Each structure stands twice: as C-alpha cells, then as structure tokens.
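Nothing here was measured: the structure is a model prediction, and the numbers come from that model. Proteins get letters first, then strands, A, B, ... in listed order; numbering begins at 1 in each.
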2 protein chains.
Amino acid sequence: MLKDHGLSVTSVRLAMLGVLDGHAHADADTIFNAVFKEIATTSKQAIYNNLHTLVAHGLIREIKPKGLSCLYELRVGDNHHHIVCRSCGKVVDVDCVVGRKPCLTPSDDHDFLIDEAEVTFWGICPSCQKNK
Amino acid sequence: MLKDHGLSVTSVRLAMLGVLDGHAHADADTIFNAVFKEIATTSKQAIYNNLHTLVAHGLIREIKPKGLSCLYELRVGDNHHHIVCRSCGKVVDVDCVVGRKPCLTPSDDHDFLIDEAEVTFWGICPSCQKNK
DNA sequence: TAAAAATTTTGATTGACTCAAAATAAATAC
DNA sequence: GTATTTATTTTGAGTCAATCAAAATTTTTA
C-alpha cells in the first residue's frame, strides 16, 4: 500500500497504520503513545510528518471536530460522516445520509468549485446520556 | 438584545456586535483589531471572554473549519451551512440543503441524542479559480 | 449614591502543531 | 552485496490561538 504510493516502508509507518487499524479517530498524541510502545525511539515529529504524508497521499483521512485535536482514520474515499459527543468527544462513523456522492450540491454554490461535503452530527453519546 | 439575556451592556460588546454585523465569519483577531480602532484600551482577553459569553447565550455562532481559527457570525438558529475555500479560507453561507431541520437524521444514529447537523462544503472560490 | 455583581485589563501559561537542520534508515544504481 | 542517492527520523527550538488567574474597573442593582 505504501509502495504503491512511492512511499518508503518504515517501521513507524507500519506501526501507525496498525494503530489506526485498531483505533479509528485517534489523534496524534494517541498514535504517538501507541507507536511508542513498539518503537521506543520514535518521536512526535515523525508521527506528524507521517500523518501529513499519509493524508496527502490519500491513505488516511483527517478530521477536526471543533474542540478536539485532529483525528485520523483509515476509511477514505467513501465520504462517510461522523457523530461527535458534545460531552466526552467520542466519535463514530455514519454512512453517507444521501447516497454515494451526497450533499455535494448546496442550495447555492456561490460559484465555488466544490469537491467535498463534510457532515458532522453533534449530540450526546449513550454512555454520557446515562451519566446525566 | 444583550439585556434580554441578562448581560451587561458594555462598549466592547456593542462594538463587537457592530463588527460582526458588518463582517460575518470574522475571527477573534479580526474582531479585536476592529474593536481596537474604536476602543483603544480593549484587550484580546475581553474579546475572548465576550465571544464565549455571546456564544453561550446563543447571540452569536461559532464555527471552526479545519485549518482556520474560530469564526463568529450573527446568523443563529437557522441552521445554515458554509462553503469554505481550500485556497484562501474564504467562507460564505448557504441555506440548508434539505429544509428547516435538515440532515438531523443520519443513516444510523448509534443511539446518540443528536441536536445539530453541521455541514461544511469544501472547494475553490471564484477568485482563487481565476488565479490558477 | 453606595454596595454588589459583572466585566475588563494585565500578564503568565498552555498545548497542538510547525520549522529547521543534523543524524539515520531505506531505496536505487552499480 | 556495496556505494550512492534519496527519504525519513530525531532533536530542539519556536509559533500562535486560546486559556487561566487575579487585580482593577465598569456596570448594574439596592
């Protein structure tokens, strides 16, 4: 997968992809800590470098719900959306509401060349509802 | 308007609302600089304090497109959406795609109690299209 | 007008993220 | 396989939006 994109295969990258495979919507710090358990010499900077590189090559997707750090996920290219808990910040995926290429058409595009519609649902997750 | 919400009427708040009235999607720094022209003794902290207070009382709305600082606008309660230019960061409003309470229903709510659907369209604005 | 409450100012601080350059590892050419 | 080139990683400093805390001031209430 990395080679297909002309990227070097490094232990840090493999570890990062492994972490994301087991933990969608992880932030840079979470990924760093998880990778650090395997590779004690790794650095935050390497994590940031690779996150940017992988995003640029479309291997991972970056989202940034208000109030949270950037989150990363392996699901790319399917234009799925997210529900975010206002209370604990938990994020879950939801398939696109409308169809394949969904809400790509706003009521008025103001002559913008639109390539993505990002949808974020906000609410309270089940466990935070209980704790209230 | 401020009094209706039990808030003190201060010169800084009036100036801020005036700025937002003339300039939707302004960030804290922009608002500070504009207010500073009227009230040379004002501080960034006062701006931040009031932005939070006004947001909490629902008098203004805060959005935070990825890569930009928090932006503020007077249009509240109508669940409108935004188009953001990937190149220059310009933001424009779009009315809700679907209707009054639009996309409030995702394909699967995962038992979240959802209260808002935030839609951000990403693309290239007309003037950035020309400069390409 | 005085007392109480809210706001503003001032200054320090945080934290995610970035920048830059030397050190190292991976890929390519021989 | 080894040398060379290229890409990645490490290290350390630095940025910037935003936050925290407390004293000073303004606004509101009595």
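- Atoms CZ (B:Arg13) and P (C:dA6) sit 11 Å apart, rounded to a whole Å.
- Heavy atoms of A:Thr41 sit under 4.0 angstrom from primed sugar atoms or phosphate atoms, though from no base atom.
- If you check the side chains of A:Glu73 and A:His23, you find no donor sitting under 3.5 Å from an acceptor.
- In this structure, A:His52 reaches the C:dT18 phosphate: one of its side-chain N or O atoms is under 4.0 Å from OP1 or OP2.
- When each of A:Gln45 and B:Leu68 is assigned the nucleotide of DNA chain D bearing its nearest heavy atom, the one mapping closer to the 5' terminus is A:Gln45.
- Ring pair B:His80/B:His82 is perpendicular by interplanar angle, where above 60° counts as perpendicular and below 30° as parallel.
- The nearest whole Å value for the distance from the CD1 atom in A:Ile47 to the C1' atom in C:dT18 is 16 Å.
- The CZ-C1' distance, from A:Phe32 to D:dT9, rounds to 12 Å in whole Å.
- Here A:Ser43 reaches the OP1 or OP2 of D:dT10: one of its side-chain N or O atoms lies under 4.0 Å away.
- Look at NZ on A:Lys3: it is 12 Å from P on C:dA26, rounded to the nearest Å.
- Looking at A:Asp93 and A:His25, their side chains do bring a donor and an acceptor atom within 3.5 Å of each other.
- One interatomic measurement links the two molecules: NE2 of B:His5 to C1' of C:dT7, which rounds to 18 Å at whole-angstrom precision.
- At the heavy-atom level, B:Thr42 lies under 4.0 Å from the strands shown only through sugar-phosphate atoms.
- Under 4.0 angstrom from either OP1 or OP2 of D:dT8 there lies no side-chain N or O belonging to A:Asn50.
- Rounding to whole angstrom units, NZ of residue B:Lys66 and C1' of C:dC17 are separated by 15 Å.
- No contact: A:Thr53 has no heavy atom under 4.0 Å from any strand.
- Two residues, B:Ser69 and B:Asn49, neighbour DNA chain D, and the one matched to the more 5' nucleotide by heavy-atom proximity is B:Ser69.
- Between the CD1 atom of A:Ile31 and the P atom of D:dT9 there is a distance of 14 Å, given to the nearest Å.
- A:Val55 is not listed as a side-chain neighbour of A:Arg61, based on a closest heavy-atom distance of 4.5 Å or more.
- Looking at B:Asn50 and B:Thr53, their side chains never bring a donor and an acceptor atom within 3.5 Å of each other.
- If you take OH of A:Tyr48 and C1' of D:dT15, they are 13 Å apart, rounded to a whole angstrom.
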